[in-house]
Amino acid sequence: PPRVVIIGAGIVGVNVADELIKRGWTNITVVEQGPLDMPGGSTSHAPGLVFQTTPSKTMSLFAKYTIEKLLSIVEDGQSCFNQVGGLEIATTPERLEELKRKRGFASSWGIDARVITPDECVKLYPHLNKQLLYGGLHIPTDGLALAARSVQILIERTRKSGTRYLGNTAVTGIKQTGGRVTGVETSNGVIEADIVIACAGLWSVEVGAMVGLSIPLQPMAHQYAKTTPVPASAGRNPLPNGANLPILRHQDQDLYYREHGDQYGIGFYGHRPMPVVAASLGPTAKKVTEHNMPSRLEFTPKDFEPAWKLSQEILPVLKESEIADGFNGIMSFTPDGGPLVGQAPNLDNFYVAEGVWVTHSGGVARALAQLLVNGKSEIDLTDCELSRFEDIQLTPSYVNETCSQQFVEVYDIIHPLQPKESPRNVRVTPFHARHKELGAVFLETGGWERPHWYESNAKLLDEMPAKFKPAERDPWAAKFYSPIVAAEAWRTRTAAAMFDTTAFRRLEIAGPGAVDLLDGLTTGNVSRKPGVATYSLLLDQEGGVRSEMTISRVLDDLFLLGVNGPTDFTFFSREARKQNKLGDGKFVQVRDITGGTCGIGLWGPNAHKILSAVSADDFSDSALPHLHLKLAHIAGLPAKVIRMSYVGQPGWEIVTSAENGLKLWDSLWKAGQAHGVIAGGRSALASMRLEAGFPSFGSDLTPEHDPYESGLEFLLHPGKEGYLGHAALQGRSKDAVSKRLRRLVINDGRSVVLGKEPVFHKGTAVGYVTSSGVGYEIGKPLAYTYLPISLGEGTVVEIEYFGRRISATVVPEPVHPMKSDEGRV
Ligand code: FAD
């Protein structure tokens, strides 16, 4: 097995060692700057609350596995998990609704949870002030991790299997040659390694810097205090650190609670963000105690004052106690709240597992071990990939600002479409000024400002035929939404619209090895003549859908790709590096050209008239058929015009370099006025995508499913062999799958769901909504979900939305828009 060095013996590092050993990798050294019995990182003081349910499937499954694992770590008849259950309380009507939504997530991810009344809350948790309660969410399988104890047991266990632990040994540098790590430099000499894994917790930024890697993580201080013994709790728990009441979350006031014997532990997120620079903490002492622990900063009582008052209100028994001691503990935050897992984009064989809570530690460690040993984690890592961030999101100021925001919002009710408040206006497209003139309402993704609809299109609402008029939405679904979206969809279907596609990531793959690279990695036939575009899948070696993309051959050795995100760029870059190392003349270069270029999707029945008015080139069906590209001149500007559509309407995506963008927009806009052109936003695009039958990557399409399950088998080029994932697909077929992506129509014609809600059949949860929206042309809400294959067309299922069950029927797929851009609903 390869020689592995793990940096950090916190709960993550030690679990990674354990999970690797389970999979037969035994040559492992764990290097820890602190003493092994108490290393001094966040794990050393973690109170260990494990609440499993989140909107993220990946995170919830990580938590589920962590619990399973902690329960299995047993010594002296005691496991490392105290399964007291979890109780989240609502003290506002909005929170009660949120808890109902959360119960839905729990069902989606297979976690047993129940929304309970104030009476039931008090029965479960007698210390609560019932007067303040609207209800609660009870999750019987949540509980308390004995984090530090589990680390000590795992150290012993992995030691017995040969793992070497070097305590009081700081990693001071990481050795690399030719784009690979070769070992670590420590305060006690060099350790050679084939693979280095950083599990450095709040020190991640410093360790990343050793290899020139920007780690988007911000350590933040977070207050935790213990009370003096609470008389009402006397005798409840025989052990000083024992607990039998459920762990408690009072999220309306940013508070959480656990018992420590007859004392209470109180955690508070309601104070000001207090970012910390790990490098300023100094070296870890040879002997760590509570008093010199680097991850424990001095308590700032003033910040805790509101917490104490609010705690006595919700738990009146605390009036009989005082704050005994407290600290400002340091924990890691990331810009989107997710952990950082996976291989460094810039370096082979350097991996990280950072920004991980105790709650997810076992799950993350198993995922990383599976990734290393098998090449793939069984739980989808898309949302955790270290390489998921845009360059702009890696700057220290961006990380600091967004992590501070994450800290503030950690317990807030967050709408799935809610954009961050700041930083905003970081990346704007060349059409930004025009969007503003048209009253665009912007949401933010990856730093980009993207119009979701245009207020100037409000006037269309009166012209729109009754058929397109959307039903009124419930208040939650009406957030970040406007009926104008329906008007934009209507005009796209009946006249034409210009969509700003600039933020869609574009790669250029160039060189004599470009065809070979793409041919070996993707499912489509990319070796056709220049001018042909292919809609293609990128699979992993197990046949899971890693991404989907358009690949246009521009010249013999130049391709333009429309891909999904930074991870695609990282993936192609890494594969190109490998190919270039072969030195066989098949050199290939991958460039991300998104920012230097821009795009407009011109779609709708009048699109042809508009384009012809500003160009002498021939864009007729015969001159430029579906899925073809032309190098053309539009309004005197050089542009790549690709005949393809995401919306089930004919038209083109027009790509030009950024400095030409404004003129391109203005020219099309002017020519379009005679033909009813409008500007269309992301929301209309998303709904038309769904209506046209175009599943999206990241929600409907994930590596958990192969092309047959995803309904995209038509993208496996017949007769093509040998591409990545091809071997794994042998023997599989559309008819042999156990699950399939299905399209649902909501039967009442009005209830809009927003995604991730559980889907029930005859009372049993059988799936969850992967994406949803309204089909304005068919006049009904739609959703995608993976369902057992037996639940085919015509099956009636129920979607749970805020505790309510909504009836939906499985309907046939429309013609996929990439099969034909005239493909209609
Ligand atoms: P750590 O435990 O910090 O381990 C990282 C290790 O790497 C350290 O031991 C460090 O010494 C070592 N290291 C770093 N750099 C080097 C180097 N250069 N050379 C050698 N060694 C190095 N999470 C929950 O799930 N539930 C909770 O209830 C909870 N409550 C919390 C309350 C507080 C007050 C705080 C601060 C955190 C809380 N957390 C909670 C978060 C949780 O404690 C952490 O997310 C988790 O412990 C991180 O584990 P880790 O292994 O990544 O990091």
**Asked** How are the rings of Y768 and W109 set to each other: parallel, tilted or perpendicular (split at 30° and 60°)?
**Response** perpendicular

**Request:** Could you please spell out the steps behind the side-chain hydrogen bond (donor to acceptor under 3.5 Å, both in side chains) verdict for T54 and S60?
**Result:** CA-CA 6 Å; T54 75; S60 301; 3.2 Å; yes

**Prompt:** Would one find more than 12 heavy atoms of other residues, nucleotides or ligands at under 6.0 Å from atom NZ of K586?
**Reply:** no

**Request:** Please say which of T523, L724, T522, L521 ends up in a side-chain contact (heavy atoms from CB on, under 4.5 Å) with L539.
**Result:** T523

**Message:** Checking the side chain of T66 only, and the main-chain atoms of G363 only, is there a donor and an acceptor separated by less than 3.5 Å?
**Reply:** yes

**Charged tip of R742 within 45° of Y784 ring normal and under 6.0 Å** = no

**Prompt:** Among side-chain atoms of T382 and D380, is any donor-acceptor pair under 3.5 angstrom?
**Reply:** yes

**Item:** Main-chain N/O of K756 paired with S108 side-chain donor or acceptor, under 3.5 Å
**Value:** yes

**Prompt:** For D568 and T570, what are the C-alpha separation, side-chain angles and deciding distance, and is it a side-chain hydrogen bond (donor to acceptor under 3.5 Å, both in side chains)?
**Reply:** CA-CA 5 Å; D568 290 332; T570 302; over 6 Å; no

**Asked** Is any NZ, NE, NH1 or NH2 atom of the basic residue among K57 and E704 found under 4.0 Å from an Asp or Glu carboxylate oxygen of the other?
**Response** yes

**Item:** Salt bridge flag under 4.0 Å for residues R805 and E800
**Value:** yes

**Prompt:** Distance only, no hydrogens: is a donor on one side chain within 3.5 Å (strictly under) of an acceptor on the other, for K780 and N747?
**Reply:** no

**Item:** Cation-aromatic face contact R689/F694, 6.0 Å, 45 degrees
**Value:** yes

**Request:** Tell me, with the steps shown, if E548 and S536 meet side-chain hydrogen bond (donor to acceptor under 3.5 Å, both in side chains).
**Result:** CA-CA 6 Å; E548 42 82 58; S536 198; over 6 Å; no

**Residue pair R103, S107: steps toward the side-chain hydrogen bond (donor to acceptor under 3.5 Å, both in side chains) verdict** = CA-CA 6 Å; R103 195 210 89 93; S107 300; 3.2 Å; yes

**Prompt:** Do the side chains of D700 and L741 get nearer than 4.5 Å, heavy atoms only?
**Reply:** yes

**Check: E19 side chain, G362 main-chain N or O, donor-acceptor pair, under 3.5 Å** = no

**Message:** Assess the residue pair Y801 and W476 against the criterion (ring-ring contact (aromatic ring centres under 6.0 Å, His included)); give the C-alpha distance rounded to whole Å, side-chain angles, the decisive distance to 0.1 Å, and a yes or no.
**Reply:** CA-CA 11 Å; Y801 183 66; W476 182 253; 8.5 Å; no

**Asked** Has the side chain of E691 got a donor or acceptor atom that lies under 3.5 Å from a matching backbone atom of I778?
**Response** yes

**Asked** Think R740 forms a cation-pi with Y786, using NZ or CZ under 6.0 Å from the six-ring centre and within 45 degrees of its axis?
**Response** no

